[in-house]
Novice: 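Before I ask anything, let me first share the structure, which is written out below as structure tokens.
Along the sequence shown, residues carry numbers from 1. None of these values were measured; they are calculated from a predicted model. Whatever order the structure lists them in is the order used to number ligands and atoms, beginning at 1.
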Amino acid sequence: QSVWGYDSDNGPERWHENYPLAKGDKQSPIEINSKDVQHDSSLAPWHASYDPGAAKTILNNGRTCRVVFDDTFDRSVLRGGPLTGTYRLRQLHLHWGSSDDHGSEHVIDGVKYAAELHMVHWNPKHGNFAGALKQPDGVAVVGIFLKVGKTPKPEMKRILEEIDNIKTKGKEAPFQHFDPSILFPKSRDYWTYHGSFTTPPCEECITWILLREPIEVSSDQMAKLRSLSKNGENEPVNPLVDNWRPPQPVKGRVVKASFK
Ligand SMILES: COc1cccc(N2C=Cc3cc(S(N)(=O)=O)sc3S2(=O)=O)c1
Ligand SMILES: [Zn+2]
């Protein structure tokens, strides 16, 4: 049993026992209510320029399915939007539910999406990732909501095709020649606010950029994601589902919107 997880004995309500930052006042995710959002006309558009050759591997770490990228130089970068400078893409991963009616971490006007995809970037001006964690502007995460619909986005197929090779905890497979920007929806509209990792250690070093337009997946694709296991090979099957943290107190933070 790992120190933290999403079960009753090691889940979000108990993370603060080993990770005190979990009780901070800039925690993520949060519930976004459009009536409280402030349109900021000074917010610039954001730009991602990713090198498909930077993709390395896909892994099941027992808590999520993660694609890892080469971030040893400015190879796949995010800039603009609320960000100052260039942020390097390090990894992407997902959070999902046990059924299509929930699974996202951020909740928008009461709506929970079936899943939420996070693209994690860090600011190399802080030397390395560990250094970036200690800075309020150290990390930028682009969040994309996954909605179950009739016209699933074919670009998700590449990730889901790999699931069969990483069924159990600790499994890893090569994952190359992949440009994650194909996952972006048409609209570049976003919300942005300052928050934290949604998992321990819960550092408050993240500029969140949440895309307003969800991408569509099929119910079968969601079932594929739910076929991942938390357990290792030859251990009792423990489905990897509901790996999301519930919304945390906003504590006076203002969410800005790039759109009216
Ligand atoms: C010192 O190693 C560290 C320190 C801090 C975070 C992490 N990571 C593991 C969880 C985690 C959760 C992320 S989320 N859901 O907020 O986008 S991003 C992320 S991580 O960077 O891969 C590793
Ligand atoms: Zn995440």
Novice: Report the nearest protein non-hydrogen atom to atom 15 (N) of ligand 1: residue, atom name, distance rounded to 0.1 Å.
Specialist: T198 OG1, 2.7 Å

Novice: Looking only at protein heavy atoms, which one is nearest to atom 10 (C) of ligand 1, and what is the separation?
Specialist: T199 OG1, 3.2 Å

Novice: Verify the neighbour count for atom NZ of K153: are there more than 12 heavy atoms of other residues, nucleotides or ligands below 6.0 Å?
Specialist: yes

Novice: What protein N/O/S atoms are there under 2.8 Å from the Zn ion (ligand 2), waters excluded?
Specialist: H93 NE2, H95 NE2, H118 ND1

Novice: Is there a side chain to side chain contact (heavy atoms under 4.5 Å, CB included) between L211 and F184? Walk through the geometry before answering.
Specialist: CA-CA 8 Å; L211 305 192; F184 292 146; 4.1 Å; yes

Novice: Under 4.0 Å, heavy-atom basis, I'd like to know which part of W208 is in contact with ligand 1: side chain, backbone, both or neither.
Specialist: side chain

Novice: Got the closest protein heavy atom to atom 7 (C) of ligand 1, with its distance?
Specialist: F129 CE2, 4.2 Å

Novice: At less than 4.0 angstrom from any non-hydrogen atom of V120, what atoms of ligand 1 do you find?
Specialist: 17 (O), 18 (S)

Novice: Looking at V250, T198, L210, V107, which hits side-chain contact (heavy atoms from CB on, under 4.5 Å) with I30?
Specialist: V250

Novice: Does ligand 1 come near enough to R66 that some N or O of the ligand is less than 3.5 Å from an N or O of the residue?
Specialist: yes

Novice: Using a 6.0 Å cut-off, check whether atom NZ of K230 has over 12 heavy atoms from anything other than its own residue.
Specialist: yes

Novice: Atom 22 (O) of ligand 1: which protein heavy atom is closest, and how many Å away?
Specialist: Q91 NE2, 2.3 Å

Novice: Hey, does R90 sit under 4.0 Å from ligand 1 if you only count heavy atoms?
Specialist: no

Novice: For a ring-ring contact (aromatic ring centres under 6.0 Å, His included) with F145, tell me which candidate from Y190, Y113, W244 qualifies.
Specialist: Y113

Novice: Heavy atoms only: give me the nearest P201-Y19 pair and the separation to one decimal.
Specialist: CA-CD2, 3.8 Å

Novice: Could you check whether R245 makes a cation-pi contact with W15, meaning its NZ or CZ is under 6.0 Å from the centre of the six-membered ring and within 45° of the ring axis?
Specialist: no

Novice: Does NZ or CZ of R90 fall inside the cone over F129's six-membered ring, less than 6.0 Å from its centre and within 45° of the axis?
Specialist: yes

Novice: Below 4.0 Å from ligand 1: does a non-hydrogen atom of P201 turn up there or not?
Specialist: yes

Novice: For atom NZ of K56, is the number of surrounding heavy atoms from other residues, nucleotides or ligands below 6.0 Å larger than 12?
Specialist: yes

Novice: At less than 4.0 angstrom from any non-hydrogen atom of H95, what atoms of ligand 1 do you find?
Specialist: 15 (N)

Novice: Which residue owns the protein heavy atom closest to atom 17 (O) of ligand 1, what's the atom, and how far is it?
Specialist: H93 CE1, 3.3 Å

Novice: In terms of hydrophobic clustering (I, L, V, M, F, W, Y; side-chain heavy atoms under 4.5 Å; direct or indirect links), are V148 and L94 co-clustered?
Specialist: yes

Novice: What's the shortest distance from atom 1 (C) of ligand 1 to any protein heavy atom, and which residue and atom give it?
Specialist: L133 CD1, 3.7 Å

Novice: Using non-hydrogen atoms of the residue, decide whether W244 is closer than 4.0 angstrom to ligand 1.
Specialist: no

Novice: Starting from atom 13 (C) of ligand 1, locate the nearest protein heavy atom and write down its residue, its atom name and how far away it is, to 0.1 Å.
Specialist: F197 CD2, 3.4 Å

Novice: Is the count of non-hydrogen atoms from other residues, nucleotides or ligands lying under 6.0 Å from H39 atom NE2 greater than 12?
Specialist: yes

Novice: Would you call K251-D25 a salt bridge at under 4.0 Å N-O?
Specialist: no

Novice: Between R212 and F259, is NZ or CZ placed under 6.0 angstrom from the six-membered ring centre and within 45° of the ring axis?
Specialist: yes

